[in-house]
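Accompanying notes for the structure given below.
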Amino acid sequence: MSRFDPAYIFPDYRSTTLRGPKLALVSAGGIMAKLPAPKFSAAFIKDKDADLTVHGRSTPLGERMVLHGRVTDEAGQPVRDSLIEIWQANASGRYNHPSDNHDAPLDPNFLGAGKTLTDSDGNYRFVTIRPGAYPWKNHKFAWRPAHIHISLFGDVYAQRTITQMYFPRDPMLAIDPIFNGIPDAGARERLICTMDLEAGIEEVMTGYRFDIVLSGAKSTVFGL
């Protein structure tokens with residue numbers, strides 16, 4: 001773990017007390033780093049996989065947005081041709097998943113998942129809907145702030161990383177134990193995207209930027 005990572009057991013985040021490891025972790029001794037990863041060619045991605053708004057009979061409800069950014073290593077070098085996936089709730093704060101029984105409407109025009117490959121300079125781009133907040137019973141009056149889950153594959157299976165991206169000036173960040181379980185304030189701030197209106201489409205979509213850094217002093221927090 002780095003100094004930016006949340007603790008495995010963080011009592012304010014109740015489920016970690018049940019699933020967090022109680023014994024010392026056992027090192028794999030570098031074995032996992034030698035297992036080859038899948039190599040995803042451009043043919044693995046379909047034309048519409050990066051646009052989450054075009055899989056229904058009409059446009060999904062909510063604020064349409066472009067999410068883009070760049071994936072780099074500690075030295076600022078691009079992470080090329082890497083599979084990046086996102087999944088999220090719809091504009092009402094509900095996931096298209098059987099286990100989500102939140103009393104909010106499903107949107108038949110929004111499945112909430114997409115994927116793409118980073119380009120030769122490490123860039124990625126999605127078109128989606130700004131997700132809504134939702135209750136999650138962790139504590140009294142518990143609501144999760146709007147967020148998008150992001151998964152990135154590295155060079156080996158063991159290097160698959162998962163993080164969450166949040167939105168600027170969201171008052172629910174102050175009460176969210178997942179976000180606040182990250183001990184470093186600067187690392188928390190790096191999980192908040194920035195508005196980038198020129199990356200959107202005028203009069204159609206807003207734009208947001210979220211860069212991902214895999215390691216180093218300014219790394220993105222993973223394991224969320």
Side-chain angles (χ1 to χ4, degrees), residues 1-6 27-53 65-88 112-128 130-131 147-168 178-179 181-200 205-224:
M1 293 178 62
S2 76
R3 63 186 177 90
F4 304 129
D5 292 332
S27 173
I31 295 175
M32 295 298 293
K34 298 178 182 178
L35 297 178
K39 298 297 182 182
F40 300 104
S41 69
F44 181 76
I45 302 296
K46 298 182 177 63
D47 289 342
K48 297 180 179 179
D49 282 349
D51 189 341
L52 284 65
T53 69
M65 57 172 276
V66 171
L67 172 62
H68 78 114
R70 188 166 182 253
V71 183
T72 59
D73 62 16
E74 180 178 0
Q77 296 301 305
V79 177
R80 304 180 177 93
D81 304 318
S82 184
L83 177 66
I84 183 167
E85 304 168 322
I86 65 172
W87 64 97
Q88 62 173 95
K115 62 180 182 288
T116 191
L117 295 174
T118 56
D119 68 13
S120 60
D121 200 34
N123 296 305
Y124 72 90
R125 181 181 183 273
F126 289 98
V127 175
T128 186
R130 179 165 174 158
H147 61 280
I148 295 177
H149 300 269
I150 301 175
S151 167
L152 183 73
F153 281 88
D155 296 329
V156 297
Y157 280 113
Q159 290 177 350
R160 186 192 181 200
T161 57
I162 300 175
T163 189
Q164 295 182 23
M165 184 211 81
Y166 301 93
F167 290 86
I178 296 179
F179 180 76
I182 300 165
D184 184 87
R188 292 194 296 270
E189 289 298 314
R190 291 195 292 276
L191 293 183
I192 301 174
C193 66
T194 57
M195 181 168 282
D196 186 2
L197 291 179
E198 293 187 2
M205 300 181 192
T206 54
Y208 295 91
R209 183 179 184 97
F210 185 68
D211 293 327
I212 299 172
V213 180
L214 296 185
S215 60
K218 295 184 178 180
S219 68
T220 303
V221 177
F222 300 104
L224 299 176

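Because only heavy atoms are used, hydrogens play no part in the values below, and waters and symmetry mates are left out as well, while side chains stay in.
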Which heavy atom of [X] sits nearest a heavy atom of [Y], and at what distance?
X	Y	answer
Pro168	Cys193	CG-O, 3.2 Å
His68	Arg209	CE1-NH1, 3.0 Å
Leu52	Gln88	CD2-OE1, 4.1 Å
Pro6	Val221	CD-CG1, 3.8 Å
Ile150	Trp87	C-CZ3, 4.5 Å
Gly186	Asp184	N-OD2, 3.0 Å

Item checked: Gap separating the CZ atom of Arg125 from the CD1 atom of Ile84, nearest 0.5 angstrom ->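 Those atoms lie 13.5 Å apart.
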Check: Which value, rounded to the nearest 0.5 Å, describes the distance between His149 atom NE2 and Thr163 atom OG1?
Finding: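 Output value for this atom pair is 10.0 Å.
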Could you tell me whether the side chain of [Y] reaches within less than 4.5 Å of the side chain of [X], counting heavy atoms only?
X	Y	answer
Ser219	Glu74	no
Thr220	Leu191	yes
Leu117	Leu83	yes
Lys115	Ile45	yes
Met165	Leu67	yes
Leu224	Ile182	yes
Arg130	Tyr208	yes
Ile212	Phe222	yes

Next item on the list: Would you confirm whether Thr72, through its side chain, and Val213, through its main-chain N or O, come within 3.5 Å as a donor-acceptor pair?
Entry: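 The answer is no, because no donor-acceptor pair under 3.5 Å joins these two groups.
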Check: Taking Thr118 for the side chain and Ser82 for the main chain, is one N or O donor matched with an acceptor at less than 3.5 Å?
Finding: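 At least one qualifying donor-acceptor pair exists.
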Item checked: side-chain contact (heavy atoms from CB on, under 4.5 Å) partner of Asp51, chosen from Val127, Val66, Thr128 ->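 Among Val127, Val66, Thr128, the one meeting side-chain contact (heavy atoms from CB on, under 4.5 Å) with Asp51 is Val127.
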